[in-house]
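What follows is a short report on a single structure.
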Amino acid sequence: MRPTDIQQVGEDLAIKWDDGSESFVRLETLRRCCPCAGCKGEVDVMGNVYRNPDQPLPSPAFELRGITTVGGYAIQPIWGDGHSTGLYSFEYLRKVAGAEGAEAG
């Protein structure tokens, strides 16, 4: 499943998928779900997860400055605090959007 259109609508990211469905994800949710090693940690060969201590995110961390498409498989948001290392595969993006929709419903 791939997005055909992605746009910021207020405090949400609106995603239209190639199956005709649409998802809306709060920007704060998207930022807090950042999959990069700095945010979610890294796993060593033994399966141990190493993470940085949780840090409070300043309000610019939830301001979307831009989105880059990476290959044919992911998006890379650029946040107001300069963070831009998270690659959200389309599969992961759909999962985040689905989890938020389940919480809202």
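Worth saying up front: this structure is predicted, and the values here are computed from it rather than measured.
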Is there a salt bridge (charged side-chain N to carboxylate O under 4.0 Å, His left out) between Arg26 and Asp12 once you walk through the steps?
CA-CA 4 Å; Arg26 302 281 307 158; Asp12 294 331; 3.2 Å; yes
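- With Ile75 as the fixed residue, the side chain to side chain contact (heavy atoms under 4.5 Å, CB included) test singles out one of Leu87, Leu93, Ile15, Thr68: Leu93.
- Distance check: Leu27 CG to Trp79 CH2 gives 5.0 Å after rounding to the nearest 0.5 Å.
- Counting heavy atoms from C-beta on, the side chains of Cys36 and His83 come closer than 4.5 Å.
- In the displayed structure, Lys95 atom NZ is contacted under 6.0 Å by at most 12 heavy atoms of other residues, nucleotides or ligands.
- Between the NZ atom in Lys16 and the CG atom in Asp19 there is a gap of 10.0 Å [rounded to 0.5 Å].
- If you take CD on Glu63 and CD on Glu28, they are separated by 12.0 Å, rounding to the nearest 0.5 Å.
- Note: Arg2 CZ to Asp18 CG = 7.5 Å, rounded to the nearest 0.5 Å.
- In plain terms, the two heavy atoms of Glu42 and Ala37 that are nearest each other are CG-CB, 3.2 Å.
- Here the straight-line distance linking atom CD of Gln7 with atom CG of Leu13 works out to 9.5 Å at 0.5 Å rounding.
- For Asp81, the side chain to side chain donor-acceptor pair (under 3.5 Å) partners are Arg31, not counting sequence neighbours.
- The CD1 atom of Ile67 sits 12.5 Å away from atom OG of Ser84, with the distance rounded to the nearest 0.5 Å.
- Pairing each heavy atom of Phe90 with each of Gly72, the nearest pair is CE1-O, 3.3 Å.
- Linking ILVMFWY side-chain heavy atoms closer than 4.5 Å, directly or via other members, places Ile78 and Ile6 in two distinct hydrophobic clusters.
- Pro77 approaches Gly86 most closely through the heavy-atom pair CD-O, 3.6 Å.
- A cation-pi geometry, defined here as NZ or CZ lying under 6.0 Å from the six-membered ring centre and within 45° of its normal, holds between Arg94 and Trp17.
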For the pair Phe62 and Leu57, evaluate side-chain contact (heavy atoms from CB on, under 4.5 Å) and give the outcome as yes or no after the intermediate values.
CA-CA 8 Å; Phe62 308 113; Leu57 294 172; 3.8 Å; yes
Are Arg32 and Cys39 close enough, and set up right, to give a side-chain contact (heavy atoms from CB on, under 4.5 Å), and what steps lead you there?
CA-CA 8 Å; Arg32 291 190 186 280; Cys39 293; over 6 Å; no
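- Qualifying side chain to side chain donor-acceptor pair (under 3.5 Å) partners for Glu22, counting only residues two or more places apart in sequence or in other chains: none.
- Side-chain N or O atoms of Tyr92 include none that pairs as donor or acceptor with a backbone N or O of Cys34 at under 3.5 Å.
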